[in-house]
Amino acid sequence: MTTATTGAAAKAAGRTKPATMAQALQRAMRDAMAEDPTVHVMGEDVGTLGGVFRVTDGLAKEFGEDRCTDTPLAEAGILGTAVGMAMYGLRPVVEMQFDAFAYPAFEQLVSHVAKMRNRTRGAMPMPMVIRVPYGGGIGGVEHHSDSSEIYYMATPGLHVVTPATVEDAYGLLRTAIASDDPVVFLEPKRLYWSKSDWSPEAPARVEPIGKAVVRRPGTSATLITYGPSLPVCLEAAEAATAEGWDLEVVDLRSLVPFDDETVAASVRRTGRAVVVHESGGFAGPGAEIAARVTERCFHHLEAPVLRVAGFDLPYPPPMLERHHLPGVDRVLDAVARLQWEAGN
Amino acid sequence: MQQRSSTVQEPLAETAYRPTPPPAWRPRTDPAPLLPDAEPLRVLGTDAVADADPALLRRLYAELVRGRRYNAQATALTKQGRLAVYPSTTGQEACEVAAALALEERDWLFPSYRDTLAAVARGLDPVQALTLLRGDWHTGYDPREHRVAPLCTPLATQLPHAVGLAHAARLKGDDVVALAMVGDGGTSEGDFHEALNFAAVWQAPVVFFVQNNGFAISVPLAKQTAAPSLAHKAVGYGMPGRLVDGNDVVAVHQVLTEAVARARRGGGPTLVEAITYRIDAHTNADDATRYRAEGEVEAWRAHDPVLLLERELTERGLLDEDGRRAAAEAAETMAAELRERMNADPVLDPMDLFTHVYAEQTAQLREQAAQLRAELEAEGESR
């Protein structure tokens, strides 16, 4: 209903303003709420304020406080009550204010959200989305920049999804809300204000969960990445052309389920792979990804699968975080170590 | 953004600083009506019992006798290896039975792992209620069928579920009440606090029912809380706290029924603390003699919930030898059937492990399921 109105108004005004990822996420929730009265947004400051990142801006005003609810400040309580709401047939979309503030909800997530379908033999699914702003790069002070994806990935029963583009932010969140399984939806904080020509007035492109995409085709090596590290990898791939490397960049989009097919197909084509993420390397997502790639592509590999990751540190203070986060140079250094002299 | 604000506040100039009284403050609600009574409510042995419906009293008696027998049978099945573990509610049957009977059919019960009896009293098939403790499947029943949430082992984590469900029901306009059960130990958990707080803020139709049975495994209440009583905790959340003799089934039923009615008419949540005692050890794996004296147990045996009601009904001419025998026989029939059904090995399909992890199986799980299938086939061939 409102889609048409807003679209017409924008056209009449002759404006096509580029949208940010934050706006695309807001739009995804708004459209889902308009279509499905069982969708309820809840969290800290999501109502009147519109969220500390303004991702829920306007939802309480449009749908009322019963549909977009400022909860008491207690993450376990937020997720625990969301479980009960899902038991009664609602689709809660829960906002955790920051990655590191989501930890109190961990027991509810691991013991109930992730297990409820299984423990009840499918009688009680948990259709809910847990939105978590994650990752660094915004100068956040302590406890505002964790890469917590590995905790969620290690919990069977959850889907773990992370958009890297404005288009995907809309498309993946729509799919996540429509999913009958719980989805941990990791939003790269530093991409909240990234822009694209994607316009909310354009027909919605809904993306499937569990499908990676090749963001940049190439032939020399594959950079496997997701979320906040995608722009880094794309920039690195551009820079690498100067060295004569034509890098392929795969955006995973979904960490669970993992798209082995797309990833393995790419590595088989290129014969070399580097996994890039902000999360620490030791027992990080890259460890799993490198193992999976090696298991599937061993005879196609010209070099060991390398990982470019954050250091295995408690997240650094903002004035030092640039040393921690994988940047273009660190990616290119890894690419240079892919044993070019030995093979082709 | 609460305390998480990164806004830097200007320091107050020293000369400008004068202590001023805060803007007008008054308590948000009058705490007096929220306070529990000084003594736990008792009905049995008082004049109040005359007001009770004789049909209800007989029903409660039959359920108590059945519940006592159920506890004995489940304990025996554990000793015979038919159950992996059984946390008994012997001595707490009044609470279990009253919780089930205080609810209407459309309401929801949120039991802890100790509350299989409440689930059974609500109508759940005893074998289905016991699959968790037998170990063949975590939740052996469809929670929606009798509106009994899965038996919950992580302490107090089911309380926020009850709040969310009740809140959702109210948003939908359904007059459904949720009753959530927890033990004295569970009241120390953060989820207890958060659930009560959410329930009170949202005025959700929930009844929190604490069975204070004296021990959290081995740890006595004095090491659990310094509160005057667990019911007093209600005041801090802005809801009424009620204290009741947990072995007086009529009193527990009355208090819970009132709390349910209050929730249903929009009056918000209530915290009920029932003073009871766990006659058996925590489970069959526990040795209660390490932390409590036999004399203490004996004193509670004299205040046994079945005995108290039986005595009262007999004195009032509501129960005679025939009635006692009929209740015992009905309980024995239930036990015999339970025994017989539990003595049959459950039918297990290992492939079920993969069936309900996700709505749609992931490629990774399809691969792993194929691996298990191959292993099972190889196992079958080698036999």
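Letters A, B, ... are given to chains in the order of the sequence lines, protein chains preceding strands, and every chain is numbered from 1. It should be emphasised that the depicted structure is a prediction, and the values quoted were computed from it without experimental measurement.
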Any donor-acceptor pair under 3.5 Å from [X] side chain to [Y] backbone:
X	Y	result
B/Arg262	B/Gly267	yes
A/Glu321	A/Gly139	yes
A/Thr120	A/Met124	yes
A/Asp259	A/Lys211	no
B/Thr362	B/Leu365	yes
A/Thr262	A/Val213	no
B/Arg122	B/His146	yes
B/Arg134	B/Gln128	no

Checking heavy atoms, do the side chain of [X], its backbone, both or neither come under 4.5 Å from chain B?
X	answer
A/Thr69	side chain
A/Leu158	backbone
A/Ser111	side chain
A/Arg67	neither
A/Met126	neither
A/His159	both
A/Ala82	neither

**Q.** Heavy-atom side-chain contact between A/Asp181 and B/Glu360 under 4.5 Å
**A.** no
Between chain A and each of [options], count heavy-atom pairs under 4.5 Å; write down the option with the most.
options	value
B/Lys172, B/Arg144, B/Gln158, B/Glu145	B/Arg144
B/Leu132, B/Thr139, B/Asn197	B/Thr139
B/Pro154, B/Ala169, B/Ala149, B/Ala363	B/Ala169
B/Gly140, B/Cys152, B/Ala168	B/Ala168
B/Leu159, B/Thr157, B/Asp142	B/Thr157
B/Leu353, B/Leu171, B/Thr355	B/Leu171

Given that the side chain runs from C-beta out, which part of [X] has a heavy atom under 4.5 Å from chain A: side chain, backbone, both or neither?
X	value
B/Ala162	neither
B/Leu151	backbone
B/Val201	side chain

Q. Would B/Glu367 and A/Arg296 pass as an ion pair if we require N to O under 4.0 Å?
A. yes
For a quick check under 3.5 Å, do [X] and [Y] share a side-chain donor-acceptor pair by atom type?
X	Y	answer
A/Glu187	A/Tyr134	no
B/Gln203	B/His167	no
A/Asp146	A/Ser148	no

Using a cut-off of under 4.5 Å for heavy-atom pairs, which of [options] has the most such pairs with chain B?
options	answer
A/Glu261, A/Gln108, A/His143, A/Lys115	A/Gln108
A/Thr38, A/Ile78, A/Leu79	A/Ile78
A/Met85, A/Met42, A/Arg117, A/Met116	A/Arg117
A/Gly122, A/Gly157, A/Ala123, A/Pro257	A/Gly157

**Q.** Within 45° cone and under 6.0 Å: A/Arg121 NZ/CZ vs B/Trp137 ring
**A.**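 So A/Arg121 does make the cation-pi contact.
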Q. When only heavy atoms count and the cut-off is under 4.5 Å, which of residues 105-117 of chain B reach chain A?
A. B/Trp108, B/Phe110
Q: Tell me the residues of residues 174-189 of chain B whose non-hydrogen atoms fall below 4.5 Å from those of chain A, in number order.
A: B/Asp174, B/Val176
Q) Once the angle between the rings of A/His144 and A/Phe101 is folded into 0 to 90°, is it parallel (under 30°), tilted (30 to 60°) or perpendicular (over 60°)? A) perpendicular
Q) What orientation do B/His193 and B/Tyr237 show, parallel under 30°, tilted 30 to 60°, or perpendicular over 60°? A)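 Rings of B/His193 and B/Tyr237: tilted, 30 to 60°.
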Q | Taking every non-hydrogen atom, the tightest pair across B/Ala234 and B/Leu271 | A |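 Looking at all heavy atoms of both residues, the shortest contact is N-CD2, 3.6 Å.
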Q. Residues two or more places apart in sequence or in another chain: which of them pass ring-ring contact (aromatic ring centres under 6.0 Å, His included) with B/Tyr141?
A. none
Q. Got a sec, which pairs hit ring-ring contact (aromatic ring centres under 6.0 Å, His included) with one end in residues 71-94 of chain A, sequence neighbours left out?
A.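 Applying ring-ring contact (aromatic ring centres under 6.0 Å, His included) to every pair that reaches into residues 71-94 of chain A, excluding sequence neighbours, yields nothing.
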